[in-house]
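Below is one structure, written out as structure tokens; comments come after it.
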Number of protein chains: 2
Amino acid sequence: MPKKVNIKTIASELGVSPSTVSKALKDSHEISEETRSKIQAYAKFYHYKPNTLALGLRNQKTMALGVIVPEIVHHFFSRVISGIENTASQNDYNLMICLSKDQLSKEIQNIDMLTNGSVDGLLVTVAKESLEKCNFEHFERLIAQDFPIVFLDRVPPNLQIDKVIIDDSAGGYKAAKHLIEKGYRKLAILTTPQHVTVGVDREMGFLKALKESGLTIYPKFDIKVNENEPIDSQIEKLFSQKELPDGIFAVNENYASIALKIAQKRGLKVPDDIAIIGFTDGLISKTTNPTLTTVAQHGYTMGSQATEILLNRIYNKNEAIPNQTIVISTNVVEREST
Amino acid sequence: MPKKVNIKTIASELGVSPSTVSKALKDSHEISEETRSKIQAYAKFYHYKPNTLALGLRNQKTMALGVIVPEIVHHFFSRVISGIENTASQNDYNLMICLSKDQLSKEIQNIDMLTNGSVDGLLVTVAKESLEKCNFEHFERLIAQDFPIVFLDRVPPNLQIDKVIIDDSAGGYKAAKHLIEKGYRKLAILTTPQHVTVGVDREMGFLKALKESGLTIYPKFDIKVNENEPIDSQIEKLFSQKELPDGIFAVNENYASIALKIAQKRGLKVPDDIAIIGFTDGLISKTTNPTLTTVAQHGYTMGSQATEILLNRIYNKNEAIPNQTIVISTNVVEREST
DNA sequence: TTTCGCTACGAAAACGTTTTCGTGTTAAAA
DNA sequence: TTTTAACACGAAAACGTTTTCGTAGCGAAA
């Protein structure tokens, strides 16, 4: 079977030099019409395609972007990736996707791998472990080297970087406002531990809205869910108190759907007895019964915007563009649970 | 700032030749202890990492696998990718992920891109358009060239290839058996049009089980959903007939959850008045109310098994291994809807 | 006839590695 | 003292491109 052809084989097969072939394939005027069409015909017939590695090495440019996310089996991240892929492929860029599994070691390994010629730039959502341990040396090195990198969603603090983030605080604020407008007053929150900044920010905005309306939150209505322990039983506690809340804000879809299930199991009517509002507009919220009102964060937009910034950096490399922060706003998608 | 170092810069910086540096970094005995440790210390200090492109070009081996799937915002595919990533990274392989968006042209483009030195092998789920048009030339070319490639889930027919598929027929069979055992007799099916083989296979198995139990299916209980038209109204038709089924088999999770919703809207009790069983064990099935019984297809396993076959081909390239077909079996996960 | 200027092509270097082979130096063996 | 062998290193080619520069051949102008 016809093995893969390259410029050299075409050249020797056609009795010309590799330079001639290369030029002919690029429609160079240096090459005569006759030779050119002969070469192009041959190349087309044998499906010649230039070797990506050689091109990358020669041009110091790979037309590939690296993506590092914690997980891929996750509606939000897969939407982000989808957004990235879309604008990347529109600009003839390909993707190398790596998973950090929220581990620092994997993240470092991926960074090392990707930044040695493999890709022209990097899109990163920082791993939880890195955030917990405040270890960002691997990123700082890259930044010092002016390697094009844009952070998404979870970002390293206190660094001069390009980033695209969700306006989590405003999202929490909107969630609270929505509940209050609907007439709910005894509000509870299901949130994450301290080091997950997105959870903290959502809570901040939530509390701010409460304050503005002259409301406060009982400490026992403020549940910080520990992901290393069974989630159900932690949320269960909220429902096993004498006094129950009449509105719950869950900082993600998962907590929201669990809360819904527990509420229904305990005979509470949603939204009559208790309202529930989630965060992240994924598939689950649309299929529960009742469907869940959520604060929608636009992952796809996030991915494509981040990619645009990154490509812009790559195109204008060594021009000192100031660092950008893009804030993607959220909006409440009202469904049946409030 | 310390720009990226490479072998040449290390060599000139340390007054030795590139060959010496290369050997020293590989602990070659040809290099004296003194020089070796000097070089290694320097390399470590400046975080030297070999350039991936150069390595790939030199070794004719990139340590990367190409993955082409129709979509990524899809629970099943993202699980498949997750499985691929896991065994790939265990074997020090990286992933280049491309999306075909079920378009033939994109698929061809991706294939062309990936097979020119970028990756050592390919994992592919064929795009719907390619299946409809029966256009597989781009694959045939690769196969003729002995390029390592493994197909997943949706495969081109009549080709000598390695593939990992779901036992869709058996899955449909199990779904029917399950409904029948539970006492349901008037069964309906929500399936896909002809060209989507997985839907056809699932229906085949389903009908086989019916036949074995002496049951038949009314033509009007056999709904072929056309994805280009509103899905809800097509499924609605099933419920607007004089006589209703008492059990529904939906060939995917989406159809199942829509059917559930419509049934409930019409005041039917699930599973008392009507049972519903889906296919693909995703997130949705676990969060509906009642939760959905489904035929679980193990995407993660599929991905990792396919990757093992592929790596095996790559390691033993030019040894004529016969083509393999791995069939991933399914199982019924019983929940509340049956 | 000489000079000039095109046209059409080739040689070679470079991108960053690895690996084969060759070689200068030194110490041990003859 | 000469030969041999081990040691420690360097030169160069190769992977597949692109691009700069050089030049052979040729017709036209001087």
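So that the names make sense, note that chain A is the first sequence line, chain B the second, and so on, each numbered from 1.
In this structure, of C/dG16, D/dT17, D/dC9, it is C/dG16 that holds the atom nearest to the side chain of B/Ala54. For B/Asn6, taking side-chain heavy atoms from C-beta onward, the closest of the listed nucleotides D/dT17, C/dT17, C/dC9 is C/dT17.
Residue A/Ser22 is classed as a base contact, given a heavy-atom separation below 4.0 Å to a base. At a threshold of 4.0 angstrom between heavy atoms, the contacts of A/Ser19 include nucleobase atoms, whether or not backbone atoms are also involved. Residue contacts for A/Gln60: at a heavy-atom cut-off of 4.0 Å it reaches the sugar-phosphate backbone alone, with no base atom in range. When heavy atoms are screened at a 4.0 angstrom cut-off, B/Lys23 is found touching base atoms of the nucleic acid.
Side-chain N/O atoms of B/Lys8 include none lying less than 4.0 angstrom from OP1 or OP2 on C/dA14. At C/dT17, none of the side-chain N or O atoms of B/Asn51 fall inside 4.0 Å of OP1 or OP2 (strictly under the cut-off). Taking 4.0 angstrom as the limit, A/Thr20 places none of its side-chain polar atoms (N or O) nearer than this to OP1 or OP2 of C/dA8.
Rounded to a whole Å, the CG atom of B/Asn59 is 13 Å from the P atom of D/dC15. Rounded to an integer number of Å, the gap from CD1 of A/Ile31 to C1' of C/dT7 is 10 Å. Taking atom NZ of B/Lys26 as the reference point, atom P of C/dG16 lies 17 Å away to the nearest angstrom. Rounded to whole Å, atom P of D/dT18 lies 5 Å from atom CG of A/Leu55. When the P atom of D/dC9 is taken as reference, atom NZ of B/Lys38 falls 8 Å away, rounded to whole Å. Between A/Leu53 atom CG and D/dA14 atom P the separation is 19 Å, expressed in whole Å. The separation between B/Lys4 atom NZ and C/dT17 atom C1' is 15 Å, rounded to whole Å. Here the P atom of nucleotide D/dC15 and the CZ atom of A/Arg58 are 18 Å apart, to the nearest Å.
Residues B/Thr62 and B/Val119 share a closest heavy-atom pair of OG1-CA, 3.4 Å.
Checking B/Glu30 against B/Leu57, the closest nucleotide of DNA chain D that is more toward the 5' end is the one next to B/Glu30.
Under the 4.0 Å criterion applied to side-chain N and carboxylate O atoms, B/Lys128 and B/Glu132 are not assigned as salt-bridge partners. Ion pairing of B/Asp102 with B/Arg154 is present here, as a side-chain N (NZ or NE/NH1/NH2) and a carboxylate O approach within less than 4.0 Å.
Defined by atom type and a distance below 3.5 Å, a donor-acceptor pair is present between the side-chain atoms of B/Asn316 and B/Asn312.
Classified by interplanar angle (parallel below 30°, tilted 30° to 60°, perpendicular above 60°), the ring pair A/Tyr42/A/Tyr46 is tilted.
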